[in-house]
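None of these values were measured; they are calculated from a predicted model.
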Amino acid sequence: MFCYRITKYNPEYRDSRGAYLRDEWTSYSDIGKKFQGIIFDYDTYLKTESTYINAIITFMECLHLDKLCINKQDSYRNDSNIAYISKYFSDTTVLRDGACFDKTAITNISRLVLREQFWCKLEADSMYVHFGWDYYMYIGSNKKCSSAVTTIKKTGLFVETFVSPYSDEDK
């Protein structure tokens, strides 16, 4: 498996242990807060969110995948989250382990995960997408997908060789 960490975080700003040193937004809930003297706004958030989602779709296309499936879903079941999720899925019970979704639904599921309304792994035999805290995303594929990596880097995201800490392979 070819494994990548895909983030908005420039690796130049990591210390020798890999810790990120700059003060940057890490969550949808940071909209309206100030980072490096600039107010983090909704439009900036949406642009970044879109690049993450497009990275997933780019890998799916490289691997000729039409669907990914939910694995290890862990939604935050409260009225607020369910109301938010229902903006994207009229039947929120479809978001369960083993359920498979096309690219349009994967876009919405990814949006929900990135906005911390729902959490899951997205997987197929040839690919995985794992979401971490603080806007970290991990993608693994059974093909190198060099063109996908190049395309993603052109969007301003950083792609590093990195095994997902959420992978079950070593457990």
Side-chain angles (χ1 to χ4, degrees), residues 1-11 14 18-20 24-31 40 42 44-63 65 67-78 80-82 84-89 92 94-142 145 148-149 151-153 155-171:
M1 193 61 80
F2 296 91
C3 305
Y4 306 97
R5 175 171 65 189
I6 300 174
T7 68
K8 64 185 192 71
Y9 305 111
N10 187 335
R14 292 188 186 281
Y20 196 72
E24 292 189 23
W25 66 270
T26 60
S27 171
Y28 181 75
S29 63
D30 287 337
I31 294 170
F40 174 54
Y42 184 68
T44 303
Y45 174 82
L46 281 180
K47 181 180 178 203
T48 303
E49 179 184 77
S50 292
T51 59
Y52 274 65
I53 293 168
N54 288 337
I56 296 167
I57 301 304
T58 299
F59 264 94
M60 288 179 74
E61 290 171 352
C62 174
L63 297 166
L65 289 174
K67 295 183 181 209
L68 291 175
C69 303
I70 289 178
N71 187 15
K72 309 272 181 172
Q73 76 89 22
D74 180 22
S75 61
Y76 313 112
R77 294 284 181 197
N78 64 47
S80 173
N81 294 95
I82 291 171
Y84 195 88
I85 292 168
S86 66
K87 292 178 185 179
Y88 298 95
F89 294 91
T92 61
V94 301
L95 300 175
R96 64 183 185 291
D97 281 357
C100 299
F101 298 92
D102 65 13
K103 292 174 189 170
T104 300
I106 291 300
T107 294
N108 289 331
I109 291 168
S110 300
R111 182 171 286 114
L112 291 169
V113 173
L114 291 168
R115 293 181 185 187
E116 300 173 344
Q117 298 296 315
F118 176 80
W119 188 86
C120 69
K121 296 178 181 183
L122 297 171
E123 300 181 341
D125 288 340
S126 58
M127 178 181 171
Y128 69 73
V129 180
H130 298 164
F131 300 93
W133 292 102
D134 295 341
Y135 237 77
Y136 280 79
M137 183 171 72
Y138 306 89
I139 293 180
S141 67
N142 67 353
C145 288
V149 169
T151 298
I152 293 164
K153 286 180 177 179
T155 69
L157 293 180
F158 297 93
V159 182
E160 304 165 89
T161 301
F162 202 96
V163 175
S164 169
Y166 302 96
S167 176
D168 294 333
E169 293 175 8
D170 298 328
K171 296 177 183 171

Decide yes or no on side-chain contact (heavy atoms from CB on, under 4.5 Å) for Q117 and K87, but give the supporting numbers first. CA-CA 12 Å; Q117 298 296 315; K87 292 178 185 179; over 6 Å; no
In plain terms, say whether K72 and E123 are close enough for a salt bridge, that is, a side-chain N and a carboxylate O under 4.0 Å apart. no
In Å and rounded to the nearest 0.5 Å, what is the [atom1] to [atom2] distance from [X] to [Y]?
| X | Y | atom1 | atom2 | answer |
| --- | --- | --- | --- | --- |
| L63 | E61 | CG | CD | 10.5 Å |
| N142 | F2 | CG | CZ | 8.5 Å |
| T51 | L46 | OG1 | CG | 11.0 Å |
| C69 | D125 | SG | CG | 8.5 Å |
| K8 | E49 | NZ | CD | 13.0 Å |
| M137 | S164 | CE | OG | 11.5 Å |

Ignoring hydrogens and geometry, is there a side-chain-to-backbone donor-acceptor pair from [X] to [Y] under 3.5 Å?
| X | Y | value |
| --- | --- | --- |
| T48 | T44 | yes |
| K121 | Y166 | yes |
| N108 | A105 | no |

How far apart are the C-alpha atoms of I6 and I56, what are their side-chain angles, what is the distance that settles it, and do they pass the side-chain contact (heavy atoms from CB on, under 4.5 Å) test? CA-CA 10 Å; I6 300 174; I56 296 167; over 6 Å; no
Assess the side chains of S27 and E116: does a donor N or O sit below 3.5 Å from an acceptor N or O? yes
Of all heavy-atom pairs between [X] and [Y], which one has the smallest distance, and what is that distance?
| X | Y | value |
| --- | --- | --- |
| A55 | L157 | CB-CD1, 4.5 Å |
| D97 | N71 | OD1-C, 3.3 Å |
| F158 | P11 | CD2-CD, 3.5 Å |
| M1 | G140 | SD-C, 3.5 Å |

Can you confirm whether or not the ring centre of Y9 sits under 6.0 Å from the ring centre of Y136? yes
Y52 and F131 aromatic centres sub-6.0 Å: no
Run F59 and I152 through side-chain contact (heavy atoms from CB on, under 4.5 Å) and show every step you take. CA-CA 9 Å; F59 264 94; I152 293 164; 3.5 Å; yes
Tell me whether the rings of Y45 and Y28 are parallel (<30°), tilted (30 to 60°) or perpendicular (>60°). perpendicular
Please verify the inter-ring angle class for W25 with F40; under 30° counts as parallel, over 60° as perpendicular, anything in between as tilted. parallel
Derivation of the side-chain contact (heavy atoms from CB on, under 4.5 Å) call for I70 and F118: CA-CA 11 Å; I70 289 178; F118 176 80; 4.1 Å; yes
Could you check whether any side-chain heavy atom of [X] comes within less than 4.5 Å of a side-chain heavy atom of [Y], counting everything from C-beta outward?
| X | Y | value |
| --- | --- | --- |
| I109 | C120 | yes |
| V159 | I139 | no |
| R115 | Y84 | yes |
| F101 | L68 | no |

So if I apply the side chain to side chain contact (heavy atoms under 4.5 Å, CB included) rule between V129 and each of I106, L122, V113, which one comes out positive? L122
